Undergrad: 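Okay, handing you the structure first.
From a predicted model like this one, the values you see are computed outputs, not experimental measurements. Atom set for the values below is all heavy atoms of this structure, side chains included, hydrogens, waters and symmetry mates excluded. A, B, ... follow the sequence lines: proteins, then strands. Residue 1 opens every chain.
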Amino acid sequence: MVDAILNSGDTAWMLTSTALVMLMTLPGVALFYGGLTKKENVLNTIFLSFMAFSITSVIWVIYGYPIAFGTDVMGIIGSPTNILMNGIDVNALAPLAPTIPLLVYVAFQMTFAAITVALVSGAIVERMKFSAWLAFVPIWITLVYLPIAHWVWGGGWLAQMGVLDFAGGTVVHLNAGIAALALVLLLGKRKDIRLLPHNLGYSVIGAALLWFGWFGFNAGSALSAGGLAGSAFLATNTATAAALISWVMMDVIKTGKPTLLGAISGAIAGLVAITPAAGFVTVGGAIVIGFLVSIFCYIAISTVKSKFGYDDALDVFGIHGVGGAWGALATGIFAAPFVNSLGTGALYGNPGQIVTQLIGIAVVGVYTLIMTLIIGVVIDKTIGLRVELKEEVEGLDTHLHEESGYRI
Amino acid sequence: MVDAILNSGDTAWMLTSTALVMLMTLPGVALFYGGLTKKENVLNTIFLSFMAFSITSVIWVIYGYPIAFGTDVMGIIGSPTNILMNGIDVNALAPLAPTIPLLVYVAFQMTFAAITVALVSGAIVERMKFSAWLAFVPIWITLVYLPIAHWVWGGGWLAQMGVLDFAGGTVVHLNAGIAALALVLLLGKRKDIRLLPHNLGYSVIGAALLWFGWFGFNAGSALSAGGLAGSAFLATNTATAAALISWVMMDVIKTGKPTLLGAISGAIAGLVAITPAAGFVTVGGAIVIGFLVSIFCYIAISTVKSKFGYDDALDVFGIHGVGGAWGALATGIFAAPFVNSLGTGALYGNPGQIVTQLIGIAVVGVYTLIMTLIIGVVIDKTIGLRVELKEEVEGLDTHLHEESGYRI
Amino acid sequence: MVDAILNSGDTAWMLTSTALVMLMTLPGVALFYGGLTKKENVLNTIFLSFMAFSITSVIWVIYGYPIAFGTDVMGIIGSPTNILMNGIDVNALAPLAPTIPLLVYVAFQMTFAAITVALVSGAIVERMKFSAWLAFVPIWITLVYLPIAHWVWGGGWLAQMGVLDFAGGTVVHLNAGIAALALVLLLGKRKDIRLLPHNLGYSVIGAALLWFGWFGFNAGSALSAGGLAGSAFLATNTATAAALISWVMMDVIKTGKPTLLGAISGAIAGLVAITPAAGFVTVGGAIVIGFLVSIFCYIAISTVKSKFGYDDALDVFGIHGVGGAWGALATGIFAAPFVNSLGTGALYGNPGQIVTQLIGIAVVGVYTLIMTLIIGVVIDKTIGLRVELKEEVEGLDTHLHEESGYRI
Amino acid sequence: MKEITAVIRPDKMEVVKEALQEIQCNGVTVTEVKGRGRQLGITESYRGRDYKVDLLPKTRLEIIVNDEDVDSVVDTIVKTAQTGDIGDGKIFVSPVEEVIRIRTGERGEKAV
Amino acid sequence: MKEITAVIRPDKMEVVKEALQEIQCNGVTVTEVKGRGRQLGITESYRGRDYKVDLLPKTRLEIIVNDEDVDSVVDTIVKTAQTGDIGDGKIFVSPVEEVIRIRTGERGEKAV
Amino acid sequence: MKEITAVIRPDKMEVVKEALQEIQCNGVTVTEVKGRGRQLGITESYRGRDYKVDLLPKTRLEIIVNDEDVDSVVDTIVKTAQTGDIGDGKIFVSPVEEVIRIRTGERGEKAV
Ligand SMILES: Nc1ncnc2c1ncn2[C@@H]1O[C@H](COP(=O)(O)OP(=O)(O)O)[C@@H](O)[C@H]1O
Ligand SMILES: Nc1ncnc2c1ncn2[C@@H]1O[C@H](COP(=O)(O)OP(=O)(O)O)[C@@H](O)[C@H]1O
Ligand SMILES: Nc1ncnc2c1ncn2[C@@H]1O[C@H](COP(=O)(O)OP(=O)(O)O)[C@@H](O)[C@H]1O
């Protein structure tokens, strides 16, 4: 047990990590997605991430944090004390990270909630009503994200069962991927479902900032500045590089030509897959996890998606859903006790961890799917989910926002 | 009193913060402004920030730092010793931040001076002579920024009076806003005063990097990695999110459509307003400060500006001037002694702080306005402030720099 | 001697620095270069950096690190133990930086290797086969970068001779610049050798992120969060600002007009030149080093290059080669023992250091030149270095990658 | 030979192109333009101010055809590009005196 | 019917457009082009090297009018787009044989 | 007077421009366009799916000349823009009835 004494080094790293994770959403996700849509929708796409981040920021300090991380109530939910951070002393330390101030921990966790819902937006771009999104964000955070975060990270029942999720394979990525799938099932296909990125440069900037910020996401999840953070950092970078390379390989195998969109898609897939495993595996494990995730995602996107015909516009399910599930499972395989004593995977003699991980995946998947469908249907019946056809065809930027992305 | 012993955690956070604040100017402000101008002026607009940062960087290490932060001379100015950092040992600690190296403190403060003058450029874009700007930057830093920084932060008379300014509501934002106003009064209107952003994507990247870097600006102003930094961090993010939401609301109320430019403008306004208050207020206070600032700025820009007819091109006065003044005032209202024992606002039984804050606002406002007008007039009489009409109409990039922003 | 005890503050700073240096390549170098090429090659140009970073990342954890930094074998090479980081405990401290975890040190050094080879790509853009680049990266890292890094930083013979290179003037910049020269000699001129940047905004973002990340590169090379890091930080910023200003001056002198490309080129030149000196010189020294480097690079690019007629497309040799050599030499002149006891330059009574530095420059220059020529010739004979003329003229993006950068 | 210039809605481009292909009319040169006709402009608003944007994005097709094909091409475009709302666009037909295929140097009708 | 093609300075676009509107000439198709006439190019310089940019940005207006309106439109453009400096641009008038309004299928003068 | 419209490969622009300059044909208006002729399109692929891009980038030159210069201009373009491969482009010649130089108000042949 670590002594509950403020450690300025740990605090410095966690402040930095929090800022890094914030950067992942704004402008990371916003640009990554914005570059992939049609130019007539670039502003709307970016806007979705900005609203996701801002609404979540406010909710989190009002009641979100205690519900996810407050004193556990029967494994289900945290107790909603400390509304508006009331009663939290500036110098109080975090119960779950006793060397850093609690307020730093609150801010760090907030950025995770925000990016999760921002990720969902990639699936529904180019056709969802802006007002529907504004309603979706707070409801989904409250009814889906907060409980799941509590179950896995806040001392809830999945944590008690031993589900391992270092930085958010299930809580963040699988969760976002499944929610995305649920929404697109309700929303239906766009009239033009082609993926012809209007400005890959934006997506490149977004992807690189995601990679950069992800060091805060994963190495920050060590909650201290020591060996474990270093190990998670190196595992993260290694898996990402491996996944980038293997997606490019898949491109070459399938179409004969390596693509830059493939490369950055692979990088994101690698980052997703290593997320739950980062603080548990060796660099050898990281290479395998990264190398395989691109193959799985590539197949999901190029085969499964066209077979079933759902219109997951920017492949949120294909990358975050599939990659997050694979990462969570792989954690159960590759977790090495000499990296982190909290996790032992099948490869090191604990095959039961695979089962535990599968339960975690199934619970999160099913809960998110059902709840998101319900939320989506309710919004559809009240506000309506989808814009007018004319608005969709001519572009959301001028119709919904009276702005246009370029005057070049 | 903190012991004067190097704390590596504090130092790590201050090194990081310094880099973050640097990023706010380059490319933060540069891009935020660059995206909002006409495409024919994008390079010139960006260039202004680069020159502002570079000239200030050099001045600061030669004589700027000691004048602002050297031993106080009668409350007016610091004593100009340590020219070129001479006599400062690499391992010397900062008198005003005794757990970090003095050179780190010097670098941190330099980035504040640089961004202040870079912010001014937003008002005068699309028509100011480049050579006039090159003259303005060093003169203004020397005659306006250095004294004000000394008065408020360097132990000068305003500090002695008890004016509270955690990270620069008066020193940076009000100061920049008023200087901007002074310059545009001298420069006059552009021929085409419409605000039709040529590339909102740049402004989005700029705004997001500003938000990101501002964590260094505000949480870094705690000068250590502990509870106060955490509190300032969370207050900063919360106020920003609230301000973004309320600007979007104002958009909907006024034009019926939420705009992305409104969202990022609101975010900047929120960051500005929370700046002086970040290390003094609760998240509750932060929400109020943020929510209100967008309303004030929105009115200033859409009503006051068109009434008086000055051409503050990118609304530096409207956002930084108004927002900075509001933030400084709000600090006098919401400062909570249990957050930071150095500040108690009206809400916690010290109404006199409001008066003190108003004096700070008035002093900075009047001093900056008069000095900047004088500097501007002198430059106008010698170098000339404004470009030829033909250059203005056809664009500054090709005329002043023989370059063009896009070949797409 | 520092005690071998984990220091969380040092670790926090090194984790941050590692992330910062990663950002320099992705998207720093990628965007800086991408904006300068023709729009038909923007994706290919960016892609080269992504592949350089990813391939190096994987190689480094497999065998790169121990070869460069493992136990010295006769001053020539490190012993290749710890393949795949095997046998490195998560909590082991770095032999060469005994207050931080070894894995953090491994990650930090990896980012240096990656950026070095990514820098080379700037010379060969718009005409090199993608497959040839994929072959070049791992071979060059193995045969050129690893030995040189060992010689200068890993305790090899140049280190033993006393060559000073704080953060990579010879290992990174001179090395990249000479390799670039070697490759363009083999590749030949492009059909259209004009430098007409298609999107200077990208280059501005890239340059600013390089500047930002370089604080991790240089101040991170102190390997701890203390006075030396602060000094290196301030020297870095000062030299960069001075170099930006002097390049702009050269522009005005030569063409009468200051250019933004000149400004950012000057900034990069300044960053390059201060790199080997950052932890050894005063801010006075930094100003001189920065001010002069732009003049040298400007002359190299505008005069020498056109005289000899090699097609160093984006001036990798002209900026990194020339700037790196000047910086390495200048370290021998300006190194002040009161800044860092490890280095005393000619100005402080040790003229012999200049000779040592010149030997370092010569060894790295000659070794890199010869080895890169050999590697290049072998690749040319097997894979072929250059694309078809038609592909070159119509653009690499559509021909090699079946993608296009803009759909605006 | 005639030059048919059609200014249509950008989002109709795809269907028009396909319909033209079906009637063996392959050659076409396309330009992104902005235009104004009877259609009113749209409004964009920035920081609370409205700006009228009265030139709207349109797509301009330039098709050189032999005289006998003019009617079928024009009819095809009208049929596929029509929505019935203002802003559908216009077609202009002008005379062309000579056509040259650069690749072969062929001239006249066979070069079309 | 005639097609009037005017190539003007981009910064004159706004006034020309307004002047045309005043004489009830609303229909216009606008293209961003580059051009060269008597006007010398400009120079751009990158890293100390000068590059001649001899094609300068211009704005091209394409206006279809009935025969009787040609003169007033041409005069309006000349009057508003003139600065007297080289680079002011040119106007070309060509014959148009048929005009079709896509929305209604109307043809001829009433479709203009 | 005639209007010569040439649609050529973008990478041939530079040589064509220089060749035209040599025969004293300076005036030209250039537009970036996309086109389709006999040339097949190219394929772009994103995340494993292929998209046919059948409109390829071309450069369109518009040159107004006096009648006697038509042949030399056309010949020059054909000579310099030809590669012999499909996709070389096309040239169209149409009648122009009037030319006005905006700067001076001059009309007719001397305004060209
Ligand atoms: N007289 C004209 N001359 C040139 N272009 C025209 C003319 N009238 C219409 N256009 C073009 O056609 C487009 C669509 O016009 P539209 O608003 O549908 O007009 P209408 O309803 O009169 O057909 C315009 O944006 C413009 O580009
Ligand atoms: N002969 C021509 N053919 C096509 N376009 C022309 C011609 N002459 C001029 N232009 C167009 O008009 C623009 C302005 O020409 P300008 O330099 O003013 O020529 P002038 O002084 O001869 O009128 C040019 O940039 C070009 O786009
Ligand atoms: N009939 C036509 N009408 C308009 N433009 C045409 C026509 N035919 C060709 N073009 C233009 O010329 C370009 C090159 O055509 P190309 O493929 O070389 O055709 P071809 O081999 O028939 O000359 C096309 O991309 C298109 O822009």
Undergrad: So what's closer than 4.5 Å to chain A heavy atoms on C/Leu20: side chain, backbone, both or neither?
TA: both
Undergrad: Please check if the side chain of C/Lys129 supplies one atom and the backbone of C/Ile383 the other of a donor-acceptor pair under 3.5 Å.
TA: yes
Undergrad: Looking only at heavy atoms and a cut-off of under 4.5 Å, which of C/Val90, C/Leu103, C/Val104 has the most pairs with chain A?
TA: C/Val90
Undergrad: Measure C/Met110 against the heavy atoms of chain A and call it side chain, backbone, both or neither at under 4.5 Å.
TA: side chain
Undergrad: Main chain of A/Thr259, side chain of C/His401: is a donor-acceptor contact present, judged purely on distance under 3.5 Å?
TA: no
Undergrad: Can A/Asp192 and A/Lys38 be counted as an ion pair, charged N to O under 4.0 angstrom?
TA: yes
Undergrad: Less than 4.5 Å to any heavy atom of chain C: does that hold for the side chain of A/Leu260, its backbone, both, or neither?
TA: both
Undergrad: Taking every heavy-atom pair that is under 4.5 Å apart, which of C/Val61, C/Ile88, C/Leu93, C/Thr111 has the most such pairs with chain A?
TA: C/Val61
Undergrad: Could you look at A/Leu261 and say if it's the side chain, the backbone, both or neither that has a heavy atom under 4.5 Å from chain C?
TA: both
Undergrad: Under 6.0 Å between ring centres, would you say that holds for C/Trp13 and C/Phe108?
TA: no
Undergrad: Between C/Met85, C/His399, C/Met22, C/Met51, which residue shows the highest count of heavy-atom pairs closer than 4.5 Å to chain A?
TA: C/Met22
Undergrad: Heavy-atom cut-off 4.5 Å, strictly under: side chain, backbone, both or neither for C/Phe130 against chain A?
TA: side chain
Undergrad: Measure distances from A/Thr16 to the heavy atoms of chain C and classify the residue's part below 4.5 Å as side chain, backbone, both or neither.
TA: side chain
Undergrad: Check this for me, if you would: do C/Glu392 and C/Arg127 make a salt bridge, where the nitrogen-to-carboxylate-oxygen distance has to be below 4.0 angstrom?
TA: no
Undergrad: Do we see a donor-acceptor contact under 3.5 Å between the side chains of A/Trp214 and A/Asn237?
TA: no
Undergrad: Roughly how far apart are C/Phe47 CZ and C/Leu43 CG, rounded to 0.5 Å?
TA: 9.0 Å
Undergrad: Looking only at side chains, do C/Tyr63 and C/Asn82 share a donor and an acceptor under 3.5 Å apart?
TA: no
Undergrad: Using non-hydrogen atoms and a 4.5 Å limit, figure out which bit of C/Ile408 sits close to chain A: side chain, backbone, both or neither.
TA: both
Undergrad: Using heavy-atom distances under 4.5 Å, tell me whether A/Asp10 contacts chain C through its side chain, its backbone, both, or neither.
TA: both
Undergrad: Can you say whether C/Ile55 sits under 4.5 Å from chain A via the side chain, the backbone, both, or neither, judging by heavy atoms?
TA: both
Undergrad: Considering only heavy atoms, which portion of A/Phe338 lies under 4.5 Å from any heavy atom of chain C: side chain, backbone, both, or neither?
TA: backbone
Undergrad: Can you confirm if the aromatic rings of A/Tyr202 and A/Tyr33 lie within a centre distance of less than 6.0 Å?
TA: no
Undergrad: Less than 3.5 Å apart, any donor N or O on the side chain of A/Ser404 or A/Asp397 sitting next to an acceptor on the other?
TA: no
Undergrad: Answer yes if the ring centres of A/Phe334 and A/Tyr348 are under 6.0 angstrom apart, and no otherwise.
TA: no
Undergrad: Could you look at C/Thr18 and say if it's the side chain, the backbone, both or neither that has a heavy atom under 4.5 Å from chain A?
TA: both
Undergrad: Between C/Pro101 and chain A, with a heavy-atom cut-off of 4.5 Å, which part of the residue counts as in contact: side chain, backbone, both or neither?
TA: side chain
Undergrad: For A/Val248, which atoms come within 4.5 Å of any heavy atom of chain C: side chain, backbone, both, or neither?
TA: side chain
Undergrad: Return the option, out of A/Gly230, A/Ala225, A/Gly284, with the maximum number of heavy-atom pairs under 4.5 Å with chain C.
TA: A/Ala225
